[in-house]
Every structure is written in C-alpha cells, then in structure tokens.
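Here the structure is a predicted model, which means the values were calculated and not measured. When a ligand or atom number is given, it counts from 1 through the structure's own listing order. For the numbers below, each heavy atom of this structure counts, side chains included, while hydrogens, waters and symmetry mates do not.
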Amino acid sequence: MSGFSPEWLALREPADVAARSAKVLKSCEDYFRNHQSVAICDMGAGTGASIRAFAPLLPRAQQWTLIDHDAANLVEAKRRHPDIQTNVRDFASDPDCWAVGTNLVTTTALLDLTSRAWIDRFVAALVSKRLPVLCTLTVDDVLSVTPVQAWDDAVFDAFRAHQHSDKGFGPALGGEAAEYFETALERAGYDITADDSPWRIGRGELLRALLDGMAGAVRETGRVPAIDEWLNDAQAKTTLLVVGHRDVFAAPR
Ligand SMILES: C[S@@+](CC[C@H](N)C(=O)[O-])C[C@H]1O[C@@H](n2cnc3c(N)ncnc32)[C@H](O)[C@@H]1O
C-alpha cells in the first residue's frame, strides 16, 4: 500500500465516514435544500469517496466532475460511478480548474497538502465566482496515542514538521491549512460552518498502517533516533490513535 493508492484510500474511507462533522455536512445540505440540481467539482478526488459521502446530502439531480492527477484513482472512480466526468489534471499550478456551471467545489483530505500561496489562489478563485465550498478531513496538529509512550512528543513534533514538506504545491501548510483556509474565507465575507472531525482509530489494519506511515515520515526527518523502538512499542500497545482533522462548509453571503 503506498501514497494515495486505491487500496490505501479504501482502507481509510470508513474512518473518514465516521469522522466527518454532522454539523458541517448539515450546513451544506441546508444550503442546497431548495436547489433542483447541482454540479459538483471534487478536487483531489481519488476513487470518489466524496461522491459516496456527499451525494446523499445534495439534490437528486447531480453532475459530478472528479479531478485528480492520478489516472489510476480516476479509473477506479469511473468504474464505481460510471455517470461521472473525470479529468486527469495536476492543479498544483492552477486551483481554478472547475468547469463552467459548477455550483459546488468539494475536497476530502487534500488541503493540508497545499501551501499558503495555493490556498490564497484557491480562495480568490472561489470568491470571484461566488462558489460555495465543502472541504472535509483536513489534518490539523492534534495527535495522541493511548496508552502514552516514551518518545510520543518527539515523534509527533517530527511528524508535524514532516507535514510541512513540499507535496507538489510548495511548502505544505500541513496542520495549519484548515485554520488558514477558514480565516481567508471569513475575511472574504463567506459564512463559515467549521468543526473538528478527528479520526479515532482502534486496533486493526488502519492503525498498523498509520503507525508505520508516521514512523516512516519521522525517519525521513532524522529527528528521532529511537523511532524504531517507538514503533515497536506503539504497534504492540496502542489501543487508540487520535488524528485531528477539520471540516468546513463555506458559502458567500
Ligand atoms: C489523501 S488523497 C484523498 C483522495 C480522496 N479525496 C479521498 O478522500 O479518498 C489526496 C488525493 O489528491 C490527489 N492529488 C494530490 N496532489 C494533486 C495535484 N497536484 N493535482 C491533482 N490531484 C492531486 C492525489 O492523487 C490523491 O488522490
């Protein structure tokens, strides 16, 4: 399992469904309640998790366009949702990539990969077209394991630092992305509904994969010499991993 492969996205999807904020989803549902139809653009769409999560909230007549630079993910999305449009595209240099007629822009688990400059351009593009936006599961800096273990603080600090490495958009905002995005939209005069949406992961395959992934990222930083020791302990003892996220629905006034 690697990067953003369909296998990894499938493993995380149930945790995403459980974590999304009911308050934020309801705010989006309420906004579209009297619309007859809606055209949605999902950015960084993967295999279409946003469709599966958001379609039940929206008017029945929906036109989805999914954008991702990973063609294999979009092939899987199209296999599962044959009626959608897909667009293989890298939007790192241009967030304004949605089709004319789009009424809603969505993302899941994307914003923390992006940079301050990219979010500035994303917000400017949304505002210029007065488009509502639903962005869920943006990682924030909350991390904890139960039971507490030696080296947790050092490991989490190194992991947070790694979240700021360039993911193709310039230096990533990582755990600061959601707050930066919410503030920018608020300044632009949008109504904001935002909430925490943490993963609470118990024992199982996802926990094992997340701990491995965290240790891999920390190893790359070279900041925690005892990382292998931490990982062995964490894999043996952890009964709960909390990874903080934020959800936001924002619409022009
Ligand atoms: C964490 S995954 C989330 C996928 C999906 N939204 C989900 O929740 O299952 C991030 C997605 O963003 C896509 N992505 C990352 N950088 C991108 C870029 N510069 N242009 C287009 N897509 C990108 C990846 O290929 C991946 O599918």
Of all the non-hydrogen atoms in the protein, which one sits nearest to atom 4 (C) of ligand 1, and at what distance? Gly44 O, 3.3 Å
Nearest protein heavy atom to atom 20 (N) of ligand 1, by residue and atom, and its distance? Phe91 N, 3.2 Å
For Arg203, look at atom CZ and say whether over 12 heavy atoms of other residues, nucleotides or ligands are found less than 6.0 Å away. yes
Starting from atom 15 (C) of ligand 1, which protein heavy atom do you reach first, and at what distance in Å? His69 NE2, 3.5 Å
Per-atom contacts of ligand 1 with Phe4, taking only distances under 4.0 Å to non-hydrogen atoms: 1 (C), 2 (S), 24 (C), 26 (C)
Aromatic ring proximity His81/Trp64, centre distance under 6.0 Å: no
Do Trp151 and Asp233 have side-chain N/O donor and acceptor atoms under 3.5 Å apart? no
Residue, atom and distance of the protein heavy atom nearest atom 9 (O) of ligand 1 read Ala49 CB, 3.5 Å
For the 3.5 Å polar cut-off, considering only N or O atoms, please tell me whether Asn73 and ligand 1 meet it. yes
Just distances here: any N/O of Leu113 and N/O of ligand 1 closer than 3.5 Å? no
Considering only heavy atoms of Asp70, which atoms of ligand 1 have at least one such atom less than 4.0 Å away? 25 (O)
Heavy-atom nearest neighbour in the protein, as seen from atom 27 (O) of ligand 1, with distance rounded to 0.1 Å: Asp68 OD2, 2.6 Å
Could you check whether the rings of Phe181 and Phe122 sit parallel, tilted or perpendicular, using 30° and 60° as the cut-offs? parallel
How about CD on Glu13, more than 12 heavy atoms from neighbouring residues, nucleotides or ligands closer than 6.0 Å, or not? yes
Do you see a donor-acceptor pair shorter than 3.5 Å between the side chains of Gln235 and Asp212? yes
Is the ring centre of Phe32 less than 6.0 Å from the ring centre of His35? yes
Which ligand 1 atoms does Phe169 reach within 4.0 Å, using its non-hydrogen atoms? 16 (N), 17 (C), 18 (C), 19 (N)
Test of proximity, Asp16 against ligand 1: N or O pairs below 3.5 Å: no
For Asp90, the atoms of ligand 1 under 4.0 Å from one of its heavy atoms are 18 (C), 19 (N), 20 (N)
Minimum heavy-atom distance between Thr107 and Cys135, given as atom pair plus value: OG1-SG, 3.2 Å
Filtering Thr108, Leu110, Val139, Leu111 for the heavy atom nearest atom 8 (O) of ligand 1 leaves Thr108
Do Thr239 and Lys237 have side-chain atoms, one donor and one acceptor, less than 3.5 Å apart? no
Salt bridge or not for Arg219 and Asp228, using N-O below 4.0 Å? yes
Nearest protein heavy-atom contact for atom 10 (C) of ligand 1: which residue, which atom, what distance? Ala109 O, 3.7 Å
Atoms of ligand 1 less than 4.0 Å from Ala45 heavy atoms? 5 (C), 6 (N)
Quiz item: cation-pi between Arg116 and Tyr180, 6.0 Å / 45°: yes
Arg89: numbered ligand 1 atoms lying under 4.0 Å from its heavy atoms: 20 (N), 21 (C)
Any Lys167 heavy atom less than 4.0 Å to ligand 1: no
Would you please determine whether Ser50 falls within less than 4.0 Å of ligand 1 on a heavy-atom basis? no
Whether the Ser50 and Asp42 side chains hold a donor-acceptor pair (N or O, under 3.5 Å, no angle test) is what I'd like checked. yes
Give the atom numbers and elements of ligand 1 that come within less than 4.0 Å of a heavy atom of Ala92. 19 (N)
